[in-house]
Amino acid sequence: FALLKNTRMLKAVQKNATKGDPESVISAIDYYCRHKEWAMNVGDEKGLILDSVLTEVNPSTALELGTYCGYSTVRIARLLSPGSKLITVEFNPAFAAVARQIIAYAGLQDKVTLVEGPSGDLIPKMKARFGIKSFDFVFLDHWKDRYVPDTKLLEDCGLVSEGSVLLADNVICPGAPEYLKYVRNSPRYESRYYKSNLEYTKVEDGLEKSVFLG
Ligand SMILES: O=C(NC/C=C/[C@H]1O[C@@H](n2cnc3c(NCCO)ncnc32)[C@H](O)[C@@H]1O)c1cc(-c2ccc(F)cc2)cc(O)c1O
Ligand SMILES: [Mg+2]
């Protein structure tokens, strides 16, 4: 059952990583998931693409949809400039509890706000609750059939503005075909596919980077 796996993953982090060292937390999770139990983290290979897009965007406000165990949360938060913030959304309280501990073990809790609940309910509350004007960067990694509705919701709530970057995981495997159609056919996005592999495997997967044109 996924929760027990996440708990074992947390134990592997506490055993093998150095407290306050995000790189060691990332390596410990990648090692565990590659050699012990596969888990749906963005992983080390697609993680390098995530790192490079993040470094290019250098967001002051970032959003992640689908925290899971916090692996990509740590990858994103470790690269944020001082004073920048990441809000990550997770609706499974048990997964959220494990993620909080992994984020704290990496020493990144001051840069991350983990909000528990469904993205569809929380996105409309972002401005009021967190004083967000708009997100410079959004990482989509939750249920794949929610990528399009949540992107439309972000647009309708004015949470993306000219230059905002959306980066979507798994556009090939498990796949997000409707999302690819949406961002690639819309005149409001400039989209690009980064070919890679499904985490810890040789199966093709990739990330789609879409810049909102306003
Ligand atoms: O399914 C995948 N990811 C889903 C993530 C779900 C996490 O996000 C949380 N979540 C979901 N929807 C929402 C939501 N809003 C929407 C609902 O209201 N609001 C808040 N939180 C949400 C869940 O609680 C989980 O923590 C995946 C699969 C493979 C895969 C590939 C190949 C295989 F063979 C098997 C699996 C590889 C990957 O990289 C993958 O990301
Ligand atoms: Mg994923």
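Keep in mind the model is a prediction, meaning the values are calculated, not measured. Counting starts at 1 for both ligands and their atoms, following the listed order.
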Main-chain N/O of G66 paired to W143 side chain as donor or acceptor, under 3.5 Å: no
D141: its N/O/S atom lying closest to the Mg ion (ligand 2) (atom name): OD1
Shortest-distance N/O/S atom, D169 versus the Mg ion (ligand 2): OD2
Please list every donor-acceptor pair under 3.5 Å in which a side-chain atom of residues 116-125 meets a protein atom from a residue at least two apart or in another chain.
from, atom 1, to, atom 2, distance (Å)
E116, OE2, R100, NH2, 3.0
S119, OG, D150, OD2, 2.6

Within one Ile-Leu-Val-Met-Phe-Trp-Tyr cluster: L86 and L166, side-chain cutoff 4.5 Å: no
Joint cluster assignment, V148 & L180, ILVMFWY side-chain distance < 4.5 Å: yes
Residue pair H142, F91: steps toward the side-chain contact (heavy atoms from CB on, under 4.5 Å) verdict: CA-CA 10 Å; H142 57 332; F91 71 2; over 6 Å; no
Side-chain donor-acceptor pair present, Y68, E90, cut-off under 3.5 Å: no
Distance-only side-chain donor-acceptor flag, D30 / Y200, under 3.5 Å: yes
Within the protein, residues bringing a heavy atom under 4.0 Å of ligand 1, chain by chain: W38, M40, G66, Y68, V89, E90, F91, N92, F95, G117, P118, S119, D141, H142, W143, K144, R146, D169, N170, C173, P174, L198, E199
Backbone or side-chain N/O/S of N170 under 2.8 Å of the Mg ion (ligand 2): yes
